[in-house]
Structure formats: C-alpha cells, structure tokens
Enquirer: 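Structure provided below as structure tokens; questions to follow.
Excluded from the calculations below are hydrogen atoms, water molecules and symmetry mates; all remaining heavy atoms, backbone and side chain alike, are included. A, B, ... follow the sequence lines: proteins, then strands. Residue 1 opens every chain.
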Amino acid sequence: MKYDFAAIEKKWQDRWEEAGIFRASEDRSKKKFYALVEFPYPSGAGMHVGHIKAYSGLEVISRKRRMQGYNVLFPIGFDAFGLPTENYAVKTNTHPRIVTDKNIRKFTSQLKRVGFSFDWSRTVDTTDEDYYKWTQWIFRKMFDAGLVFRATTLVNYCPHCQVVLSNEDSQGGKCDICHSEVIQKSKDVWYLRITAYADKLLEGLAKVDYPANVKAMQENWIGRSEGAFADFRLTGCDESLRIYTTRPDTMFGVTFMVIAPEHPVIEKYRDRISNIDALDAYREECAKKTEFERTQLTKDKTGVRIEGIAAINPANGKEIPIYISDYVMMGYGTGAIMAVPAHDERDYEFAKKFGIDIVEVIKGGDISKEAYTGDGEMINSGFLNGIETKKEAIAKMIAFLSEKGIGEKGVQYKMKDWAFNRQRYWGEPIPIVHCPKCGMVGVPYEELPLKLPPVENFEPGEGGESPLAKIDSFVNCSCPKCGGPAKRETDTMPQWAGSSWYFLRYTDPHNPDALASKEALDYWMPVDWYNGGMEHVTRHMIYSRFWHRFLYDIGAVPCEEPYAKRTAQGLILGPDGDKMSKSKGNVVDPNDVVDVYGADVLRVYVLFMGDYGSAAPWNDSSVKGCKRFLDRVASLPEMVSGKENPKLETAFHKTVKKVSEDIDEMKFNTAIAALMTLLNDIADQGSLTKDQLVDFIKLLNPFAPHLTEEIWENIGGRGFLSLAPWPEWDEAKTVDDEIEIAVQIGGKLKGTILVPKDISKDDAIAAAKADPKIAPLLAGKSIVKEIYVPGRIVNIVAK
RNA sequence: GCGGGCAUGGCGGAACUGGCAGACGCGACGGAUUUAGGAUCCGUUGGGCAACCGUGCAGGUUCAAGUCCUGUUGCCCGCACCA
C-alpha cells in the first residue's frame with residue numbers, strides 16, 4: 001500500500017519538535033549515551049547524500065538507545081568559519097555572516113526533513129561570538145602554557161587561496177581547499193606546539209576503541225622514531241654540524257654528509273666555500289620546485305659537493321666531504337644527515353652517483369650490489385666490532401657520543417608543529433596584541449570574545465595580508481600590559497580551530513561562564529561513540545585530541561581522551577561507481593530522493609545499500625526496492641488477526657535478536673534484510689497478531705521513524721513509538737522445534753533431513769543413514785568416521 | 001618503499017568461532033491484472049541436460065575451507081627521499 005509520505009513525515013517531524021522528545025535530559029541519574037557525528041560545514045551547495053549516510057548510522061543507534069532507556073545526547077551544529085564561504089562572500093559582495101546564516105538555515109531544514117533525532121536545542125555555530133569566545137579562550141590558555149609561538153620558517157603556501165597551510169592541510173602537495181599546487185615560502189607564522197603532545201597522542205591511542213587502520217594512520221602521521229643526535233666537527237671553521245640518525249650503530253661507515261639546500265650553515269660560511277656559485281645555482285633550482293616535484297624525484301639523486309668545508313667522522317676521525325642535496329629536508333631532524341652508503345638505500349644511490357667510498361660495517365649483505373639494511377655482526381667499526389645486535393651497537397655508540405659530549409639519544413616525529421593562522425577574514429581573530437615594549441601579549445580573558453570587526457572588503461591584501469590589517473580601528477589598540485600604543489594581530493585562526501572542541505560545548509551549549517560546566521562535562525564526557533569520515537583521521541581527529549588533552553592537563557575536562565569509540569562510514573559513490581563530484585555530474589541530491597520517495601526510504605536505503613563502513617555506488621532501482629519494502633510495511637495492519645501463529649513466533653524472536661545485535665555492530669544492511677525476511681515470512685503466513693505488529697514497527701522505527709509512528713497511532717498506540725520500550729527476545733525461542741540439518745558424505749552435501757532441535761548425535765546420524773536419499777549411497781561401504789555438528793550438519797566418511 | 005584493507009552470481013552485497021556458499025535487495029525471465037504503459041501480485045533466477053563444477057590464481061592442512069596456512073596476481077586507501 002502506498003502511503004502519503006509527504007504528509008506523514010511532516011506531521012511527525014512537527015510533533016517531535018513540539019514535544020521536544022529528542023532533547024537530552026538533565027536527569028543525570030539515568031545512564032548516558034553521547035553519540036557524536038561530525039558537524040557539517042554549511043556550504044552553499046546544501047547537503048549531500050554522503051551527509052545523510054554519515055549521520056544515519058548513529059541516528060539509528062541513538063534512537064535504539066533511547067528506546068532502551070538511555071539518556072541520549074545526539075547533537076548537531078555547524079562548523080561555519082572557512083574559505084568557501086568567504087570566497088563566495090567576496091564574489092557576491094555579501095557579508096559572510098549573511099551567507100553563513102543562509103546556509104545554516106538551508107542545512108537545518110534539510111536535516112529536519114530527513115527526521116534526524118538531533119537535540120536541536122543544543123545546536124552550536126562556531127562563528128557565533130558566544131562560541132568563539134571559548135575557542136579564543138582555549139587559544140589564550142595555550143598561549144599562557146607556552147604552546148603558541150611564532151616563527152619564520154618555510155611554510156606551505158597556497159598561491160591561489162593566498163594562505164599558509166598546515167602540513168595536514170597540504171597533504172600530497174595540494175591545497176586542501178582549492179587543490180592547486182602548494183609552494184614553499186618563508187613566512188612569519190603562528191604555530192601551536194602540537195609536537196609537545198606527540199607522545200601523549202600516541203599513548204592515548206592505547207586507551208580508545210578506534211578501528212585498527214585509524215590507529216595505524218595516526219601512529220604513522222605522528223611518526224615517532226628513536227635515534228640519536230651527533231655533532232660532526234667541521235674543518236675550516238670552528239663549528240660542528242648536528243645530525244639526527246636512527247642508526248648510530250653504523251657511524252663507522254659514514255663516508256660523507258648531506259645537508260638540506262636551505263641549511264643555514266651555507267649562508268654562515270659563504271666566504272669559506274670556494275664553489276658558492278655552484279651551490280647557489282643548485283639551491284635556486286630546488287627552491288623553484290614544488291614540494292610535490294621534490295618528493296616525486298625519488299629515483300634520481302642530485303646534489304653538489306661543498307668545496308672548502310669538510311667534516312670529521314667522530315667515530316674514526318676521518319675527514320669526509322659534505323654535499324647539499326634535496327633528498328635531505330630542512331623540516332625533519334636537523335636538516336643534516338650522516339650518510340652511510342653501505343647500509344642506507346638513499347645514501348647508497350647517492351654514493352654510487354658521486355663516486356663516494358662505501359664502507360661495510362655490518363656483515364650479511366652484498367654491498368657491491370645494494371645497501372644492506374638488515375642485522376649482522378659489526379665489522380670495520382673499532383670498539384663496536386664483533387657486536388651482533390643492532391640494539392647493543394646503538395647503545396654503545398650513544399654512550400660513546402654522550403661521554404665525549406658530542407651527542408645523545410634523541411626522538412623525532414614526522415608530525416610538525418601546527419601552522420595556526422590564516423590571512424583571511426572569516427575566522428576567529430587571534431587574541432594577541434603586539435606591543436613594541438612588551439612583545440606579544442595575550443588579550444585579557446575578560447575582553448573575550450575579541451569580535452570580528454565589520455569590514456567592507458573581505459579580499460586579502462597585497463602579499464596575502466589579512467583583510468583585518470586594513471582596519472585601523474581594529475589594529476590600533478593599547479597594550480594590555482603597559483597601556484602603551486600597540487597593534488593587534490590581524491590573522492585569524494584556521495578552519496580546524498572551532499571543530500577542535502565543539503563536542504565539549506554540546507554538553508552545556510549556552511553556558512556564558514565556561515566552555516561547559518564541570519557537572520555537564522563530568523556527566524557526558526567522554527563521547528561514547530564518534531562516527532565520521534576517514535578524511536578527518538589525520539587532521540580533525542589529531543587536532544581535537546590534542547586540544548582535549550591540553551584541556552585535561554589544565555584541569556578543564558575530566559578525561560584524557562575525548563572519544564571512547566570511533567567508527568567511519570564509507571563513501572556513497574555516484575551511480576557510475578566514481579566518487580561523486582559536481583564536475584562529473586554524478587551527484588545525488590537527498591532532496592530529490594525525499595521528494596519522490598520520502599525521508600524514510602532515503603534513510604533505509606543509505607543503510608541498506610551495503611556494509612556501512614565501505615564505499616558503495618548509488619543505485620536508483622535499489623532505492624525503489626526500499627520503497628516497495630516500506631509500502632508493504634504500510635499494509636501490515638490489514639493483516640492483523642487475533643489468531644496466534646506458532647510458526648511466526650520463532651521468526652520474531654530471531655529477528656528481534658538479529659536486529660538488536662546488528663544495530664549495535666553497525667551492520668545495518670543485514671538488520672534491514674532481517675526485517676525484510678520477516679515481512680516475507682508474515683506475508684507467507686497471511687496474518688500476524690497485533691503484538692507482533694507492534695514489535696515489528698518498533699524494530700523498524702530507528703530506520704523509518706515516520707511511517708512507524710503513523711502505524712503506531714493508527715492502531716491505537718499511546719505516546720510516541722520513538723519512546724516506547726525496545727522489544728526483547730527469548731533465546732530459547734529463537735530456534736524452531738524442528739530443524740533442517742545438512743547431510744554430507746565425505747564432506748560433500750548429499751541431502752538434508754528434518755529432525756527435532758534437541759536430537760542427540762546418535763539419533764541424528766541414524767536419521768541421516770535412514771534417509772531414503774542417503775541410504776543407497778552408503779550401501780556396501782564401510783563407515784570410517786561420523787561427525788555431528790549440533791544443529792548444523794552430519795558428515796559420514798565412508799569407503 | 002612503509003602502513004591498512006579488499007577480491008564471492010548480471011549488479012549492491014550476505015555467510016556465527018572452519019560446518020548446507022549466494023541471505024536480503026536490484027536486475028532479468030515467465031505468468032496474473034491492465035485498452036496500453038506504469039504500478040502491483042505470483043513464480044523462476046550461480047553454471048551445467050546430467051553426474052557434477054563453482055568464492056582472483058597455485059598449492060597445503062582438515063571429515064569439512066569464502067573462512068586457516070604457504071606462495072602468487074590484481075585492485076583500493078593513507079603516508080612517503082622521515083635520515
């Protein structure tokens with residue numbers, strides 16, 4: 001039976017809202033469940049079916065938990081600062097505030113149309129002054145704690161967007177916003193010292209329930225390595241060059257050094273370098289390459305030897321040449337390496353190309369062919385000779401370096417400090433004042449929020465300076481410390497700031513005195529279950545874990561880790577199997593689906609289309625299948641009769657169990673399939689009881705809440721079905737009295753027999769042998785072995 | 001190169017801890033209804049006339065392998081000259 005989904009859905013959405021039934025309760029005696037989904041960036045394009053899938057997972061789980069009696073917090077908000085809005089504002093000459101409000105309204109209406117059970121009373125908007133006050137407050141706390149610093153370094157810079165990008169935002173050498181090539185530029189930028197939390201972020205992973213690949217990606221991204229620092233004395237000047245290595249054990253095999261083209265030692269000793277012109281030419285060539293090109297050239301090593309300065313190998317006192325080459329990066333370690341061509345593939349390649357000595361110090365390989373990176377006995381290594389384990393050799397070499405005062409154990413991370421500013425308007429102003437006398441001074445806490453001033457022109461200034469720099473009334477201020485004339489910082493925070501703590505605000509969203517009250521945080525935190533996209537694993541997830549851990553360290557939050565459990569949904573691909581994109585024209589608009597089939601169908605389909613965690617292509621015909629299913633459900637009340645049907649009883653217990661368990665494991669596709677199967681069984685039987693109908697619509701309610709509420713009302717149900725208790729099952733009743741078991745001979749299926757469910761092994765085997773199909777196959781053979789797997793299979797091995 | 005994962009009908013995908021491979025849905029085919037189309041309902045649907053054969057490929061363990069082991073091929077994702 002077709003049902004009037006448009007009318008039904010609107011009706012129930014209005015009633016839910018009126019009754020406020022999805023508001024998290026203030027009753028803290030109840031067991032809590034905090035389900036978090038990644039709040040959307042309210043783009044002008046509106047919502048995407050991907051958003052629907054991303055939210056539908058925890059939507060179903062939240063609805064089930066509510067029916068199970070939990071106090072559920074399932075909030076939503078908007079991560080609304082950012083470049084796309086600002087770019088659109090510039091293009092249309094509209095204030096970003098207006099653009100943002102419009103987009104938020106659009107997203108809100110779309111989300112409500114799908115019937116998500118969000119607690120709309122707790123919505124946050126990161127661009128709201130009452131919200132970003134606390135974003136700035138956290139920044140100030142970090143500033144006080146020495147985690148904020150300013151440095152002039154080579155940074156990732158997007159020439160198109162005219163902004164500095166963090167490492168996380170320029171993955172693969174492309175700007176995360178516009179996908180143009182990122183270039184390296186020397187700039188004075190703000191940093192958050194996330195590297196100070198590298199170990200804590202690594203250790204925290206042991207305490208949380210994240211998928212293995214998510215943990216691996218974060219571990220990889222943090223990239224901790226243990227090794228040693230060592231100073232190599234230079235000839236021709238009174239200085240040492242510090243290197244980092246993970247293989248101090250191979251130091252006797254060092255036959256040259258390599259430094260990054262940008263290494264400052266070159267500038268410092270220009271006049272002592274006899275081939276400075278050649279070096280400059282090479283350095284200029286490197287500077288022109290994008291980061292991407294530089295890392296692409298993994299095969300062919302280039303470089304230039306520095307003439308006039310050499311180094312001394314501290315292990316054996318031998319003089320060794322120094323090269324500059326772009327295979328050494330200024331951004332990792334010290335920008336200088338000791339090269340051991342016999343035992344490092346890159347050094348080997350470089351030595352071969354430049355004809356440098358290759359000295360074997362570990363036995364086990366054939367260094368005439370390739371570098372040997374394995375373990376073995378130490379040779380040609382003075383006091384290390386004869387040692388057979390890497391660990392021991394490393395320890396001895398580090399002891400040697402420490403004793404001589406020229407090195408020590410060291411740890412390095414691939415993760416870099418977080419470049420934390422954008423030269424744009426639509427972001428949180430950085431609450432810092434530059435005073436000629438006092439230096440950098442934090443804006444006093446009582447003056448927060450430091451509000452964005454009104455401007456007329458949002459375009460970045462010459463050379464990428466912030467639009468705020470053009471507003472004298474904003475820039476000129478007095479120093480909070482000495483009262484003298486000072487200038488405000490005009491950069492704003494990056495997009496990721498607001499999302500680094502939003503889950504805390506949800507617990508107490510309107511609190512004017514704190515980011516959230518202690519009571520609210522104690523009760524709700526940590527987030528019990530956080531679902532989102534894989535694309536955020538090495539950005540938002542790392543950043544927010546860092547902020548949260550910092551807040552824990554200053555006593556502002558009660559738990560070390562913000563998210564107890566994390567899962568990720570798979571992408572919805574276009575009908576053609578490609579990733580959905582505007583340019584390919586394969587984007588499916590959720591509105592269109594709701595218009596034609598209704599929200600319940602959309603909800604069921606995005607969860608039924610495949611494994612929740614995997615990518616799956618959109619298929620319009622399959623959507624129709626879900627529509628058919630719900631239309632058939634709409635007819636179920638017509639089949640209600642007073643008579644009990646024992647055949648359906650087992651089917652119901654089985655299904656209650658299956659659906660209950662599958663939802664908790666995010667196996668939504670099989671949960672829905674089980675309901676479809678049950679519906680088919682009911683149709684075969686021709687009738688069901690009213691109690692069975694109630695159970696059915698309860699199980700389906702989290703997936704298709706509108707239709708099931710309507711049925712509930714029509715059959716005289718009181719109150720909201722969404723708040724009715726979740727059905728229970730009786731384990732003993734999940735198995736039929738008579739079961740079908742398979743009979744195999746020699747492991748091959750030969751037939752099936754129908755037996756009582758509690759049949760003994762002997763009886764089962766006897767029944768199998770007596771089966772008219774099986775008996776002739778065993779005639780004249782001797783039985784070698786008989787196996788009975790209870791309730792499943794009889795296998796007779798005969799010769 | 002490192003790390004994570006995947007491979008099952010025409011398609012999306014099921015399959016507990018090794019126990020009847022292909023649940024459920026789509027599509028297709030046949031039928032009913034209909035002036036027709038659509039929608040709906042009923043039936044069939046891995047291949048093969050059959051014995052049998054079938055989960056990327058080649059082996060192995062086992063009474064029994066999609067599932068475990070060894071090797072191999074292809075694909076996807078993340079990181080990547082990280083010293």
Enquirer: Can you tell me how far P in B:G30 sits from the matching atom in B:G74, rounded to whole Å?
Expert: 42 Å
Enquirer: Hey, what do you get for CG (A:Asp344) to CE (A:Met338), rounding to the nearest 0.5 Å?
Expert: 9.0 Å
Enquirer: Please give the distance between the C1' atoms of B:C79 and B:U61 as a whole number of Å.
Expert: 37 Å
Enquirer: Verify the ring-centre separation between A:Trp729 and A:Phe652: is it less than 6.0 angstrom?
Expert: no
Enquirer: May I ask you to verify whether the side chain of A:Lys301 and the base of B:C81 hold a donor-acceptor pair under 3.5 Å?
Expert: yes
Enquirer: Between A:Tyr323 and A:Phe350, does the ring centre distance come in under 6.0 Å?
Expert: yes
Enquirer: Is it the case that the base of B:C63 and the side chain of A:Asn795 share a donor-acceptor contact (distance under 3.5 Å, atom types as modelled)?
Expert: yes
Enquirer: In whole Å, I'd like the distance from the CZ atom of A:Phe608 to the P atom of B:G12.
Expert: 14 Å
Enquirer: With nearest nucleotide decided by heavy atoms, which residue, A:Ala212 or A:Asp344, maps closer to the 5′ end of RNA chain B?
Expert: A:Ala212
Enquirer: Rounded to whole angstroms, how far apart are CG on A:Leu607 and P on B:G12?
Expert: 19 Å
Enquirer: Quick check for you: among B:C26, B:C20, B:C24, whose closest atom lies nearest to any side-chain atom of A:Arg628?
Expert: B:C26
Enquirer: How would RNA chain B look in dot-bracket form, 5' to 3', counting Watson-Crick and G-U wobble pairs with both distances under 3.5 Å and writing | for bases paired to another strand?
Expert: (((((((..(((......[....)))((((((.......))))))((....))..(((((..]....))))))))))))....
Enquirer: Remember a base hit wins even if backbone is also touched, and classify A:Asp347 as base, sugar-phosphate or nothing at under 4.0 Å, heavy atoms.
Expert: nothing
Enquirer: Mind checking the CG-CD1 spacing from A:Leu241 to A:Ile337? Nearest 0.5 Å is all I need.
Expert: 11.0 Å
Enquirer: For A:Trp618 and B:G12, what is the distance between atoms CH2 and P respectively, to the nearest whole Å?
Expert: 17 Å
Enquirer: Measure CZ/A:Arg539 against P/B:C77 and give the value in whole Å, please.
Expert: 15 Å
Enquirer: May I have the distance from A:Asn619 (atom CG) to B:G12 (atom P), rounded to whole angstrom?
Expert: 10 Å
Enquirer: Between B:C76 and B:G12, how many Å separate the two P atoms, rounded to a whole number?
Expert: 16 Å
Enquirer: Can a salt bridge be assigned to the pair A:Glu408 and A:Arg242 using a cut-off of 4.0 Å between side-chain N and carboxylate O?
Expert: yes
Enquirer: May I have the distance from A:Lys414 (atom NZ) to B:A80 (atom P), rounded to whole angstrom?
Expert: 8 Å
Enquirer: What does A:Lys667 touch in the nucleic acid at a heavy-atom separation under 4.0 angstrom: a base, only the sugar-phosphate, or nothing?
Expert: sugar-phosphate
Enquirer: For A:Glu638 and B:C41, give me the distance from atom CD to atom P, rounded to whole Å.
Expert: 12 Å
Enquirer: Report the distance from atom CG of A:Asn680 to atom CG of A:Leu675, rounding to the nearest 0.5 Å.
Expert: 11.0 Å
Enquirer: Would you measure the distance from the P atom in B:C20 across to the matching atom in B:U33 and give it in whole Å?
Expert: 42 Å
Enquirer: Considering only NZ, NE, NH1 and NH2 on the basic side and carboxylate oxygens on the acidic side, decide whether A:Lys624 and A:Asp620 come within less than 4.0 Å.
Expert: no
Enquirer: Using only modelled atom types and a 3.5 angstrom limit, is any donor from either the side chain of A:Arg632 or the base of B:C41 paired with an acceptor on the other?
Expert: no
Enquirer: Rounding to an integer number of angstrom, what distance separates B:C6 and B:C24 when you compare their C1' atoms?
Expert: 22 Å
Enquirer: Mind listing the side-chain donor-acceptor pairs of residues 758-774 of chain A below 3.5 Å, one per line with the distance, residues two or more places apart or on another chain?
Expert:
| from | atom 1 | to | atom 2 | distance (Å) |
| --- | --- | --- | --- | --- |
| A:Ser760 | OG | A:Asp763 | N | 3.2 |
| A:Ser760 | OG | A:Asp763 | OD2 | 3.3 |
| A:Lys769 | NZ | A:Glu786 | OE2 | 2.6 |
| A:Asp771 | OD2 | A:Lys773 | N | 3.0 |

Enquirer: Just call it for A:Ala339: base, sugar-phosphate, or nothing, with non-hydrogen atoms closer than 4.0 Å on any strand.
Expert: nothing
Enquirer: For A:Asp631 and B:G25, give me the distance from atom CG to atom C1', rounded to whole Å.
Expert: 15 Å
Enquirer: Quick one: the side chain of A:Glu345 and the base of B:C81, do they pair up donor-acceptor inside 3.5 Å?
Expert: no
Enquirer: Between A:Val789 and A:Lys416, which is nearer to the 5' end of RNA chain B once each is assigned its nearest nucleotide?
Expert: A:Val789
Enquirer: Hey, is B:G9 sitting syn or anti, using the within-90° cutoff around 0?
Expert: syn
